[in-house]
Amino acid sequence: MEFLPKEVLEGLRAAQKREAAKNARLRVLADGQIWPVLRRFKGGFALDADQVTTLRGHVDLYDGPEHIATCLIVASEIQGRELICTVKRETAVSDRAALDFAREGPRIAGYLPEM
C-alpha cells in the first residue's frame, strides 16, 4: 500500500473505518454519547480516536439494543488511530436482582394435579 498516493490511502482508511463502525454491534454509552467499539480484547476495548480522545469512569456497554455490561475505565491512551481503553472492572448486567440469600433445595417449577 506504500505505492498508493496519499489521498487514495486516506480515502481507503476512511472507508475501512466507516465499514467497521457500521458493522460493529458493540457500542459504548458515556455521558449521553454513543461510540462504536472497533475491537474488544481482554482487559479493555478500542474506540475510534477521531470520535473521542479521552474516556474515563463508568460506561455502559451495549450489543445492539441489549445492555450487556457496565465497565470502569481506569486509563485510555491513543495508539495510532485508536483510543485504547483499559478496563478495571466489567460487570455483566442481569435482568433480575441479585439474591441476598442462598436457595436451599430444588426449585419447584410447578405443581402437578393429584390423580
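Sequential numbering from 1 along the given sequence is applied to the chain's residues.
- Screening residues 31-53 for ring-ring contact (aromatic ring centres under 6.0 Å, His included) gives no qualifying pairs among residues at least two apart or on separate chains.
- For the side chain to side chain donor-acceptor pair (under 3.5 Å) test, no residue two or more places apart in sequence or in another chain qualifies with Thr70.
- With a 4.5 Å cut-off between side-chain heavy atoms of Ile, Leu, Val, Met, Phe, Trp and Tyr, the cluster of Ile34 takes in Leu29, Tyr62.
- Residue Ile73 is grouped with residue Ile68 when hydrophobic side chains (ILVMFWY) are merged at heavy-atom distances under 4.5 angstrom, including chains of intermediate members.
- Under the 4.5 Å side-chain heavy-atom criterion for ILVMFWY residues, no single connected hydrophobic cluster contains both Val87 and Ile84.
- Residues forming a salt bridge (charged side-chain N to carboxylate O under 4.0 Å, His left out) with Glu90 (at least two apart in sequence, or on another chain): Arg40.
- For Ala49, the side chain to side chain contact (heavy atoms under 4.5 Å, CB included) partners at least two apart in sequence or on another chain are Ile78.
- Across all non-hydrogen atoms, the minimal contact from Leu55 to Ala30 is CD1-CB, 3.9 Å.
- Considering every non-hydrogen atom in both Pro36 and Leu47, the closest pair reads O-CD2, 3.4 Å.
- Contacts classified as salt bridge (Lys or Arg N to Asp or Glu O under 4.0 Å) and involving residues 42-60 (residues at least two apart or in different chains) are given here: Lys17-Asp48, Lys17-Asp50.
- Applying the salt bridge (Lys or Arg N to Asp or Glu O under 4.0 Å) rule to pairs touching residues 68-83 yields Arg39-Glu82, sequence neighbours excluded.
- Between Leu61 atom CG and Arg27 atom CZ the span is 11.5 Å, to the nearest 0.5 Å.
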